[in-house]
Amino acid sequence: MSRRNLLRLGALAGAGGLLAACSRPDGAPAASGGGNAGGPYTTIRSTATSFIWAPFLVAEKKGYFAEEGLQQNGKVAGQGVVANIVLAGDADFVVGSPMDTMKSTAVGQPLISFCGMVTTLATNIVISAEAFEKAGLSDSSTPEQRGAAMRGMQLASTGVASTPDLLIRYAASNLGKLDPNKDLKIVPIQGGGSAMLAAVKNKQIDGMAISSPISDQAISDLGMKYLFDMSKDPVQPLVGFPYIVASCKEDFLEKNPEAIASYCRAIQRSLNFIQAEKDEFHDLLAGIFTDIKPEVFKTAFESNYPIYGKSIVLTPEQFKQANEFVVTAFEINGSVSEAAAAEKIGFDDTWNATIAQQAFDKVGTSY
């Protein structure tokens, strides 16, 4: 047995012992301060104010991290891809796309995804009404027609190789049969949705790939149109996609199973809350997104409510979806060696579902 597998088994055994110690006899979550996960630890995510971060934000606002014995601080960064911040040792956890962890693993810097949160690739592509009309699109246009309509457009993403960047390339190539490096221009814009909205107003770009509620703001305030509304009408191969997960460095997981277990329990409680307490969840998010018009928030909340997972446990089927997306992204970019390396990645190389399953078994569901 390899050293990696020996360490992983030791970590899982430690997590199992912690889970047993930190739960009541009836299997309910531990009381406040009941865990020994310690800290403080830092979770990093990208800056965009978005519904995709809701499970994490709920765990913070409801005090679930603290109640599970985890001192945890959330921080944001002004870039689309933030996994490199964890690799550099400047944060312990990253909440974001599992594609980022797979890409890192494929190039020899392994990160492990261990906790699922969002099961829809809920980044949307919106374009100006002018671009929509010029392309001859209508509300009944097919995904293939919409992909082909991207020819000649300038579309913003949150950064090179970010998920919005990859989604634009995927739609252009797989649906529109375009070369995303030649047939359109992808413009990386940092600074979140406000910078993208300003670029649209100034006619510097035709559209952007961004998650809700910024995409909803773009439609409400600027009269933009959905090219792809992924929360309502996702591209078929991406249905059920594991979009937002928690990940960390491999050696961190092996050395800190208690922290991983606490993190998993806190997020499962968030998912339970989201499913069972829709009205309270609505009010909690309304208190966070205070700069969004009430009517825009209401629309965005209803369209995004179905995107959240019911279980933190990552599945082999979801791994296959994410891995195929990463391989395709490398191939589209002409990164042949990286695509081959990503294709060889197995579930255990970059995902760990065991600790999450143990946490789920202890917390259960409450809806």
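- Ring geometry for Phe273 versus Phe281: interplanar angle over 60°, hence perpendicular rather than tilted (30 to 60°).
- Both Tyr243 and Phe347 sit in one connected hydrophobic cluster of ILVMFWY residues. Membership requires side-chain heavy atoms under 4.5 Å apart, directly or through other members.
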Which atom pairs, donor and acceptor, lie under 3.5 Å between side-chain atoms of residues 334-344 and protein residues at least two apart or in another chain?
none

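- Between the OH atom in Tyr308 and the CZ atom in Phe51 there is a gap of 6.0 Å [rounded to 0.5 Å].
- Here CG of Leu175 is found 9.0 Å from CE of Met150. Values are rounded to the nearest 0.5 Å.
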Donor-acceptor pairs under 3.5 angstrom involving side-chain atoms of residues 185-194: please list them, not counting sequence neighbours.
none

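- The list of salt bridge (Lys or Arg N to Asp or Glu O under 4.0 Å) pairs with a residue in residues 94-109, not counting sequence neighbours, reads Asp100-Lys103.
- In this structure, Phe301 and His282 have perpendicular ring planes: the angle between them is above 60°, well past the 30° mark.
- One hydrophobic cluster, built from ILVMFWY side chains closer than 4.5 Å, cannot hold both Val82 and Phe252; they sit in different ones.
- In this structure, the side chain to side chain donor-acceptor pair (under 3.5 Å) partners of Gln357, at least two apart in sequence or on a different chain, are Asp361.
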Would you give me the side-chain donor-acceptor pairs under 3.5 Å for residues 125-132, sequence neighbours excluded?
unit_1	atom_1	unit_2	atom_2	d
Ser128	OG	Ala131	N	3.0

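- Within the model, atoms CG of Leu70 and CZ of Arg265 stand 9.0 Å from one another, a figure rounded to the nearest 0.5 Å.
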All N/O donor-acceptor pairs, side-chain side in residues 84-97, below 3.5 Å, sequence neighbours left out:
unit_1	atom_1	unit_2	atom_2	d
Asn84	OD1	Gln79	NE2	3.1
Asp92	OD2	Thr42	N	2.9
Ser97	OG	Met99	N	3.0
Ser97	OG	Thr163	OG1	3.3

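- Looking at Asn304, its side chain does come within 3.5 Å of a backbone N or O of Ala300 through a donor-acceptor pair.
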Expected list for residues 133-144: side-chain donor-acceptor pairs under 3.5 angstrom, two or more places apart:
unit_1	atom_1	unit_2	atom_2	d
Ser138	OG	Ser140	N	3.3
Ser138	OG	Ser140	OG	3.0
Ser141	OG	Ser138	N	2.9
Ser141	OG	Ser138	O	3.1
Thr142	OG1	Gln145	N	3.1
Thr142	OG1	Gln145	OE1	3.4

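- Under the 3.5 Å distance criterion, the side-chain polar atoms of Arg146 are matched with a main-chain donor or acceptor of Leu227.
- Judged by distance alone, the side chain of Ser50 and the main-chain N or O of Ser212 form a donor-acceptor pair under 3.5 Å.
- Among residue pairs with one or both ends in residues 181-230, none qualify as ring pair (Phe, Tyr, Trp, His ring centres under 6.0 Å); sequence neighbours excluded.
- In this structure, the ring of Phe114 has its center less than 6.0 angstrom from the ring center of Tyr263.
- A donor-acceptor pair is defined here as one N or O able to donate and one able to accept, closer than 3.5 Å; no such pair exists between the side chain of Asp206 and the backbone of Leu155.
- Formation of a donor-acceptor pair under 3.5 Å by the Gln358 side chain with backbone atoms of Ala261 is not found in this model.
- Using a distance-only test at 3.5 Å, with no hydrogens or angles considered, no donor-acceptor pair links the side chain of Thr123 to the main chain of Ala209.
- In this structure, Glu68 contributes its side chain and Ala266 its backbone to no donor-acceptor pair below 3.5 Å.
- A distance of 9.0 Å separates CG in Leu121 from CD1 in Ile52, rounded to the nearest 0.5 Å.
- A distance of 9.0 Å separates OG1 in Thr350 from CG in Asn323, rounded to the nearest 0.5 Å.
- To the nearest 0.5 Å, the span separating OG on Ser262 from CD1 on Ile267 amounts to 11.5 Å.
- A donor-acceptor pair under 3.5 Å is formed between the side chain of Gln321 and the backbone N or O of Val239.
- Through ILVMFWY side-chain contacts below 4.5 Å, Val327 is grouped with nothing and stands alone.
- With sequence neighbours left out, the salt bridge (Lys or Arg N to Asp or Glu O under 4.0 Å) criterion links Lys249 to no other residue.
- By the 4.5 Å heavy-atom criterion applied to side chains, Pro55 and Ile244 are not counted as neighbours.
- A distance-only check finds no donor-acceptor pair linking the side chain of Thr120 to the backbone of Ala122 [under 3.5 Å].
- Linking Ile, Leu, Val, Met, Phe, Trp and Tyr whenever their side-chain heavy atoms come within less than 4.5 Å puts Val118 and Tyr305 in one cluster.
- For residues 166-177, the set of pairs meeting the side-chain hydrogen bond (donor to acceptor under 3.5 Å, both in side chains) definition, not counting sequence neighbours, comprises Asp165-Arg169, Arg169-Asn181, Arg169-Asn333.
- The stretch residues 270-296 participates, sequence neighbours left out, in these salt bridge (Lys or Arg N to Asp or Glu O under 4.0 Å) pairs: Lys62-Glu280, Asp221-Lys293, Lys278-Glu302.
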